[in-house]
Trainee: 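Here's a structure for you.
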Amino acid sequence: MTSSGQLNRHIVVRFAPSPNGLLHLGHAYAAMVAHDFARKRAGRFLLRIEDIDSGRSRSEFVEAIENDLRWLGLDWDGDVIFQSERLASYAAAADRLKAMGLLYPCFCTRSDMRQLWEQGGRPEGPDGPVYAGTCRHLDPQVASKRAAQEPHSWRLDVAKAAAITGPLRWIDERQGERLTQPERLGDVILLPKDMPVAYHLAVTLDDARDGISHVVRGEDLFAATDIHRLLQALLALPTPIYFHHRLLLDDKGEKLSKSRGSASLSVLRAAGEDGYRLVQNLRAGIFPVGISLSQA
Ligand code: GLU
């Protein structure tokens, strides 16, 4: 609340977990930072479940996310939002980008890509190896004939898109103004072969649709924001302010993750730990043994 006790309707922040596993301490930290960011500015804090990957998303994980957040004392406003209920809006935006000639079908399989990387080197982007652009050069008629018969994804022609928008900027509250370099990520997939939409497109559309004023999320998504900014410009969406927070790291300096066996919040909760105190400790910078905050 503001000093006059009013909600500031202009500040809207979200926590947007994917329900493909149990939340761990890194998520608790991310949720706390986003929640506190909203509350300190008397803003709204939304919970958006990013369940576009129907193969990996499970309802029991959604339930666990809600229970974990309640246990941590991180309350959200309004109804929980589900991306799986918004598939038509993603398809419509993808159609617009196709009509602008900015998406092309890609038939490359993982093994094609591996082979290409072996032959021609592996151009590393900030988020891993960058796509070589093989299918960008296909004859459009050949490509559309193949698209009618073969499984394919749709990629954004980033150079073409950036040529339309010209230079773009966005603001990170921690790191200042950024001039985008979306080509560093290569031609990202917006419509995967096996999913209705990719993260980059869904998140950009939803941050606009949900009226998010400040995107508060981990710094591992810093580079991806250049793609989101590009999509905002192409689709005439507003640009929020960003705040990419530091990440919790394990004793090897690696980001916490399910695959690295980081303890889930549900396990701590079931063991009778006090979630509220856990969050108080995270706020105070007191972390369990072996856990630290990234330095960037
Ligand atoms: N669903 C994404 C994740 O869990 C959200 C990322 C974001 O906050 O933009 O990583």
Side-chain angles (χ1 to χ4, degrees), residues 12-38 43-58 61-62 64-66 68-69 72 74 76 80-87 90 126-128 170-175 178 180 182 185 188-190 192 195-232 237-248 254-260 262 264-265 294:
V12 188
V13 180
R14 71 350 185 242
F15 177 54
S18 304
N20 51 26
L22 295 170
L23 300 189
H24 52 65
L25 204 61
H27 294 110
Y29 184 77
M32 179 275 288
V33 174
H35 168 274
D36 289 7
F37 189 103
R44 303 184 70 223
F45 176 61
L46 309 183
L47 174 59
R48 187 170 70 221
I49 301 292
E50 304 216 318
D51 56 349
I52 42 180
D53 185 351
S54 59
R56 292 174 69 214
S57 298
R58 301 229 303 264
F61 292 137
V62 176
I65 289 168
E66 294 180 15
D68 288 344
L69 291 178
L72 294 168
L74 303 175
W76 63 91
V80 179
I81 299 160
F82 290 89
Q83 287 195 320
S84 55
E85 293 173 4
R86 297 176 161 183
L87 301 186
Y90 309 140
D127 286 346
W170 54 274
I171 292 171
D172 182 87
E173 274 204 6
R174 270 182 67 219
Q175 306 208 36
R178 312 289 308 172
T180 59
L185 284 98
V188 292
I189 291 178
L190 295 190
M195 262 166 57
V197 62
Y199 160 71
H200 294 304
L201 183 57
V203 82
T204 305
L205 290 166
D206 283 343
D207 284 338
R209 177 169 174 164
D210 297 330
I212 302 301
S213 63
H214 293 77
V215 172
V216 179
R217 62 183 174 198
E219 63 190 7
D220 50 336
L221 289 162
F222 194 91
T225 304
D226 284 357
I227 293 289
H228 305 169
R229 179 68 189 90
L230 180 61
L231 290 171
Q232 287 155 10
L237 303 171
T239 302
I241 293 170
Y242 290 85
F243 183 97
H244 290 94
H245 61 73
R246 298 201 280 166
L247 301 175
L248 289 192
E254 301 279 346
K255 185 181 125 173
L256 300 187
S257 73
K258 283 165 262 207
S259 53
R260 295 180 59 83
S262 304
S264 73
L265 299 178
S294 63

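All values reported here derive from a predicted model rather than from experimental measurement. All values below were derived from every heavy atom in this structure, side-chain atoms included, with hydrogens, water molecules and symmetry-related copies excluded. We count ligands from 1, going down the list as the structure has it; atoms in each ligand are counted the same way.
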Trainee: Taking 4.0 Å as the limit for heavy-atom contacts, which would you say applies to L221 with ligand 1: side chain only, backbone only, both, or neither?
Mentor: side chain
Trainee: Taking only heavy atoms of E50 into account, list the atoms of ligand 1 that are under 4.0 Å away from them.
Mentor: 1 (N), 2 (C), 5 (C)
Trainee: For a ring pair (Phe, Tyr, Trp, His ring centres under 6.0 Å) with H245, tell me which candidate from F222, Y29, F37 qualifies.
Mentor: Y29
Trainee: Please identify each residue that fulfils side-chain contact (heavy atoms from CB on, under 4.5 Å) with Y199, with sequence neighbours left out.
Mentor: E50, V203, R217, L221, H228
Trainee: Counting heavy atoms only, which of P17, A224, A16, A202 is nearest atom 5 (C) of ligand 1?
Mentor: A16
Trainee: Sequence neighbours excluded, which residues qualify as side chain to side chain donor-acceptor pair (under 3.5 Å) partners of D127?
Mentor: none
Trainee: Does ligand 1 have any atom sitting under 4.0 Å from a heavy atom of Y199?
Mentor: yes
Trainee: Once the angle between the rings of H24 and H27 is folded into 0 to 90°, is it parallel (under 30°), tilted (30 to 60°) or perpendicular (over 60°)?
Mentor: tilted
Trainee: For ligand 1, which atoms have a heavy atom of V203 less than 4.0 angstrom away?
Mentor: 9 (O)
Trainee: If you look at every heavy atom in V12 and G211, which pair is closest and at what distance?
Mentor: CB-O, 3.3 Å
Trainee: What residue and heavy atom of the protein are closest to atom 8 (O) of ligand 1, and at what distance?
Mentor: R14 NH1, 2.6 Å
